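Okay, so here's the structure we're looking at.
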Number of protein chains: 2
Amino acid sequence: MGSQGGGRQPKYQRIALELKAAIETGEYGPGDRLPGENDLMAAHAVARMTARQAIGVLRAEGLAEARKGAGVFVREYRPIRRRGVQRLSAGLWGEGRSVWSMDAEGWDLKLDSVSVAEESPPEAIRSLLGLAEGAPVCLRRRRYALNGRPVMLATSHLDAGLVAGTAITEIDTGPGGIYARLGEIGHRPVRFREEIRSRMPAPLETDRLSLPAGTPVVLIRRTAFTEEGTAVEVNDMVLDSSAYILEYDFTP
Amino acid sequence: MGSQGGGRQPKYQRIALELKAAIETGEYGPGDRLPGENDLMAAHAVARMTARQAIGVLRAEGLAEARKGAGVFVREYRPIRRRGVQRLSAGLWGEGRSVWSMDAEGWDLKLDSVSVAEESPPEAIRSLLGLAEGAPVCLRRRRYALNGRPVMLATSHLDAGLVAGTAITEIDTGPGGIYARLGEIGHRPVRFREEIRSRMPAPLETDRLSLPAGTPVVLIRRTAFTEEGTAVEVNDMVLDSSAYILEYDFTP
DNA sequence: TAGTGGTCTAGACCACAGT
DNA sequence: CTGTGGTCTAGACCACTAT
């Protein structure tokens, strides 16, 4: 028949809409198997590519997930609540506890992999840290996993000269982490700025976070300032958007 | 030839990668026209559907935008900086200025459409506002546009009983907006909470924000509390993620 | 009108999962 | 094994844009 055939809206959209409605009414719950390509071809008398396209709509909206050789399944959404302000209270990281242990109340969020390096920073970060051109930064790359599933990548940038000789350049930064160590050398962070963006992930992020198609990432750039107003750390984070709700409390 | 043919990675991914590299090196700048389906078919000796798939990768990542009958073009990214804390300083909205006028420094962000209604709220919002079951809320739906392009939808929910008879139920809330009017009736908001999520847009959001494929939305739910700790307003916002950077400053 | 992207067909081979 | 989704082909008609 070529093009649209019967209705005025594309077949694949009609099929996608029908599937979405079935999910919304609870006919298919989180984790349930949806009709696959062959089912849709038979049920709607369309070609494989058309059935695929319908499924593609749900995938792009993050509603469904295709597992090769197994089928198409309804996605689940159970985010962690990340409190932007309280979690950085000095009382918490000042003595012992990691900044991250509060992230997932009762859940099992843990450090998955760490690497430390010294590199030449991108211009934007270099100028934030107030470093001279060509000055190296200490880079701490980390990945966090929730119940075994990776949910966040974090990369901290610090003046390499400033932190040389401290535990910040070690894999294990010790009790209280980076901020406690910075305090010990007279650069205790007291003020923070978090900048938030969102976009679709780059292939490398898709890979490192095992993201299914249709899941955006949230980017947080946190800059930590000392009492004097100097930026001592820039932490670039990449979050699986389906894993997080960010919360900020403030009294302007 | 069937399946993968030459290399070990799919043809469409190789083609997509090549296009992305060309964008990254600046060969194609923002707004430039990219090779279209026909160009890619000729250049790589592939079928139309394969060329389409390659372009689909760039669209899904938000890098390119297809305009029917015209071609495929490199997307632009020029976000507004939205300061979460300072923008709510009472000094700003206390006398006259709108909370929103600060959003876009020098840009032309303006209210695009407003509607006011009284409805029965969803359970989550009803309980946030501490209302009895079945109690109605005053709903203010607004859309904001930046240089004519819609970038945000906002829906405020307030206790209908509380705001009855005030300008909050009018299209024009008067100088200082909702928060100034709440102050006048003894419910001045002093504390705010913003919760942030991100996901792919629903079709209705895609439509109202004119979003190209591959653009996530950012959801902000702001709850405004009085000195007594009562929630007086819940504002649900839907932002075009490519139009915004959110900024939060705090001293924990 | 010529060219573009949007949609669609009816086949095909492959890698992978569980059935 | 069978069935699944992933990839690919070589055609086709349509609506839309720009000339």
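These figures come from a predicted structure and were not determined experimentally. All chains are named by letter (A, B, ...) in the order of the sequence lines, taking the proteins before the strands, and each is independently numbered beginning at 1.
For DNA chain D, none of the residues of residues 32-44 of chain B falls under the heavy-atom distance limit of 4.0 Å. Contacts between residues 50-67 of chain A and DNA chain C, counted as heavy-atom distances below 4.0 Å, involve A:T50, A:Q53.
Panel note: side chain B:R142, backbone B:R140; a donor-acceptor pair is recorded below 3.5 Å. Using a distance-only test at 3.5 Å, with no hydrogens or angles considered, no donor-acceptor pair links the side chain of A:R222 to the main chain of A:F192. Here the side chain of A:S198 pairs a donor or acceptor atom with the backbone of A:V217 at under 3.5 angstrom.
Atom-to-atom distance recorded for A:M200:CE and B:L63:CG is 11.0 Å, nearest 0.5 angstrom.
By the side chain to side chain contact (heavy atoms under 4.5 Å, CB included) test, B:F73 is found to be paired with B:R33, B:R67, B:A70, residues two or more places apart in sequence or in another chain being considered.
Atom CE of A:M49 and atom P of D:dA12 are 18 Å apart (whole Å).
A:Y12 has a side-chain polar atom (N or O) that falls below the 4.0 Å cut-off from OP1 or OP2 of C:dT7. A close approach under 4.0 Å does not occur between any side-chain nitrogen or oxygen of B:K68 and OP1 or OP2 of C:dG3.
Side-chain N/O atoms of A:R75 and A:T215 include a donor and acceptor closer than 3.5 Å.
Nearest nucleotide to the side chain of A:R48, out of C:dG6, D:dC8, C:dA12: C:dA12. Distances from the side chain of A:A47 to the nucleotides D:dA10, C:dT9, D:dG6 place C:dT9 closest.
Salt-bridge check for A:R221 with A:E195: failed, with every basic side-chain N at 4.0 Å or more from each acidic carboxylate O.
Residue order along DNA chain D, read from the 5' end via each residue's closest nucleotide, puts A:A70 first among B:A70 and A:A70.
More than 12 heavy atoms of other shown residues, nucleotides or ligands fall within 6.0 angstrom of atom CD in B:E76.
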